[in-house]
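One structure below.
Here is how names work: the chains are called A, B, and so on, in the same order as the sequence lines, proteins then strands, and each is numbered from 1.
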Protein chains: 2
Amino acid sequence: MTTRKENSTYTRNEQCIVNCDLTYAVQKIEGRWKLLLLYKLSKNKLRFNELKKEFSYMSERMLSLQLKTMEKDGLIKRTVYAEIPPRVEYEITEVAKELLPILDQLSSWGSKQRKAV
Amino acid sequence: MTTRKENSTYTRNEQCIVNCDLTYAVQKIEGRWKLLLLYKLSKNKLRFNELKKEFSYMSERMLSLQLKTMEKDGLIKRTVYAEIPPRVEYEITEVAKELLPILDQLSSWGSKQRKAV
DNA sequence: GTCATTACTTACAAATTTGTTCGTGCCTAA
DNA sequence: TTAGGCACGAACAAATTTGTAAGTAATGAC
């Protein structure tokens with residue numbers, strides 16, 4: 001999200017799990033708002049302000065940061081139209097689409113699990 | 001993991017996503033070492049010290065904390081034997097077992113995705 | 001009586017994540 | 001000429017997560 005110190009103990013310890021594909025995958029969807037964004041964008045292509053209105057309880061800064069990492073991670077695509085006022089559209093990528101059925105399963109597991117605990 | 005302040009802005013904003021089953025589910029598997037532990041325990045029932053040796057790069061404190069939350073979340077079962085020196089065994093629960101195939105899919109997605117980016 | 005073993009716990013520090021508030025550059029409508 | 005919309009960015013503060021190092025209680029072996 002923000003830049004990381006390269007040689008912190010935190011980062012060094014992270015190296016120990018770097019070869020785990022599962023942990024890698026989960027890191028892509030971790031973060032408080034990422035899944036909500038992904039889910040929303042899986043239905044429609046949306047502009048920044050539309051997302052902002054949709055998730056009014058989420059700060060603009062977080063929206064911006066999460067979108068940026070998701071773009072870097074190849075989950076969403078960002079398209080800028082050279083207009084005034086500016087228009088930027090966000091949409092889900094093919095890779096991320098492959099994630100959706102898995103997330104559905106996770107979601108039902110969550111629902112079931114929540115009732116149980 | 002550690003105790004939380006009840007009325008922080010952080011916690012208040014978390015309320016906004018509390019009804020999302022998917023986010024709920026992901027929160028159960030978030031955390032740097034949780035997935036590794038879960039995966040390991042899915043193969044064998046193990047004692048605290050065995051886990052400690054297995055994950056030697058992980059601090060005892062983290063091991064203890066993660067196991068504790070996973071137990072609270074119903075992912076693992078903790079059994080104490082009244083012996084000296086003490087013996088405590090950790091094993092995966094049925095609920096968590098249902099998670100495993102989903103995690104497998106996530107893992108292959110991660111593997112594929114990692115190569116692509 | 002000292003020491004090792006087991007499964008933790010505590011105190012403290014470092015690192016990261018999230019939140020709040022303000023500001024920017026461009027143009028259009030009033 | 002002033003105000004407002006758009007898509008952010010920057011500075012700073014609060015909260016949480018992770019890491020390090022040391023300590024605890026009970027008992028059996030020596």
Side-chain angles (χ1 to χ4, degrees), chain A residues 1-17 23 26-27 29-37 45-71 76 78-90, chain B residues 1-17 23 26-27 29-37 45-71 76 78-90:
Chain A
M1 229 57 88
T2 40
T3 54
R4 255 199 187 168
K5 291 184 183 166
E6 285 305 320
N7 218 3
S8 61
T9 55
Y10 188 96
T11 298
R12 278 204 306 277
N13 265 31
E14 194 176 41
Q15 294 306 310
C16 305
I17 50 174
T23 304
V26 171
Q27 279 177 353
I29 56 173
E30 263 178 354
R32 175 165 289 186
W33 311 104
K34 243 182 250 180
L35 288 168
L36 296 179
L37 287 171
K45 184 189 290 199
L46 285 172
R47 302 180 59 177
F48 188 85
N49 255 24
E50 289 170 330
L51 286 169
K52 189 175 134 189
K53 272 167 206 155
E54 192 66 39
F55 301 107
S56 54
Y57 40 79
M58 179 175 169
S59 71
E60 266 184 280
R61 171 183 141 83
M62 270 302 113
L63 180 54
S64 173
L65 281 176
Q66 305 260 29
L67 287 172
K68 204 183 293 179
T69 29
M70 286 168 82
E71 190 198 359
I76 58 175
R78 181 172 176 271
T79 312
V80 185
Y81 296 90
E83 304 174 356
I84 296 291
R87 179 158 66 100
V88 179
E89 282 183 348
Y90 293 92
Chain B
M1 226 63 86
T2 38
T3 52
R4 255 194 186 173
K5 292 185 183 164
E6 284 305 319
N7 219 3
S8 60
T9 56
Y10 186 97
T11 298
R12 279 202 307 276
N13 267 29
E14 193 175 41
Q15 294 306 310
C16 306
I17 52 174
T23 304
V26 172
Q27 279 177 353
I29 56 174
E30 262 178 356
R32 174 166 289 185
W33 311 105
K34 244 183 250 181
L35 288 169
L36 296 179
L37 288 170
K45 184 189 289 199
L46 286 172
R47 301 179 60 176
F48 187 86
N49 257 21
E50 290 169 330
L51 286 169
K52 189 175 133 187
K53 272 167 206 154
E54 191 65 39
F55 301 106
S56 53
Y57 40 79
M58 179 175 170
S59 71
E60 266 184 281
R61 172 182 139 84
M62 271 302 116
L63 180 56
S64 174
L65 280 176
Q66 306 260 32
L67 287 171
K68 204 182 294 181
T69 30
M70 287 167 81
E71 191 199 357
I76 58 175
R78 181 173 175 270
T79 313
V80 185
Y81 296 90
E83 303 174 357
I84 297 291
R87 180 158 65 102
V88 179
E89 284 183 346
Y90 293 93

So how far is it from [X] [atom1] to [Y] [atom2], rounded to the nearest 0.5 Å?
| X | Y | atom1 | atom2 | result |
| --- | --- | --- | --- | --- |
| A:Met62 | A:Trp33 | CE | CH2 | 9.5 Å |
| B:Leu63 | B:Glu54 | CG | CD | 11.0 Å |
| A:Leu37 | A:Leu51 | CG | CG | 6.0 Å |

Whole-Å distance between [N] [atom2] and [X] [atom1]?
| X | N | atom1 | atom2 | result |
| --- | --- | --- | --- | --- |
| A:Tyr81 | D:dC6 | OH | C1' | 16 Å |
| A:Leu63 | C:dT21 | CG | C1' | 17 Å |
| B:Glu83 | C:dT6 | CD | C1' | 11 Å |
| A:Glu60 | D:dG5 | CD | C1' | 12 Å |
| A:Arg47 | D:dC8 | CZ | P | 10 Å |
| A:Glu14 | C:dA14 | CD | C1' | 15 Å |
| A:Tyr90 | D:dC6 | OH | P | 14 Å |

Q) Side chain of A:Arg61, base of C:dT18: donor and acceptor closer than 3.5 Å? A)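 Yes, the side chain and the base share a sub-3.5 Å donor-acceptor pair.
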
Nearest-neighbour nucleotide for the [X] side chain, [options] considered:
| X | options | result |
| --- | --- | --- |
| A:Lys68 | C:dT18, C:dA7, D:dG9 | D:dG9 |
| A:Asn49 | D:dA7, D:dG9, C:dG19 | D:dA7 |
| B:Tyr10 | D:dC8, C:dT6, C:dT18 | C:dT18 |

(Q) Taking the six-membered ring of A:Tyr10 as reference, does the cationic atom of B:Arg32 (NZ for Lys, CZ for Arg) lie under 6.0 Å from its centre and within 45° of its axis? (A)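 Yes; both conditions hold, so B:Arg32 lies above the ring face of A:Tyr10.
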
Q | Below 4.0 Å: OP1/OP2 of C:dT16 and any side-chain N or O of A:Ser8 | A | yes

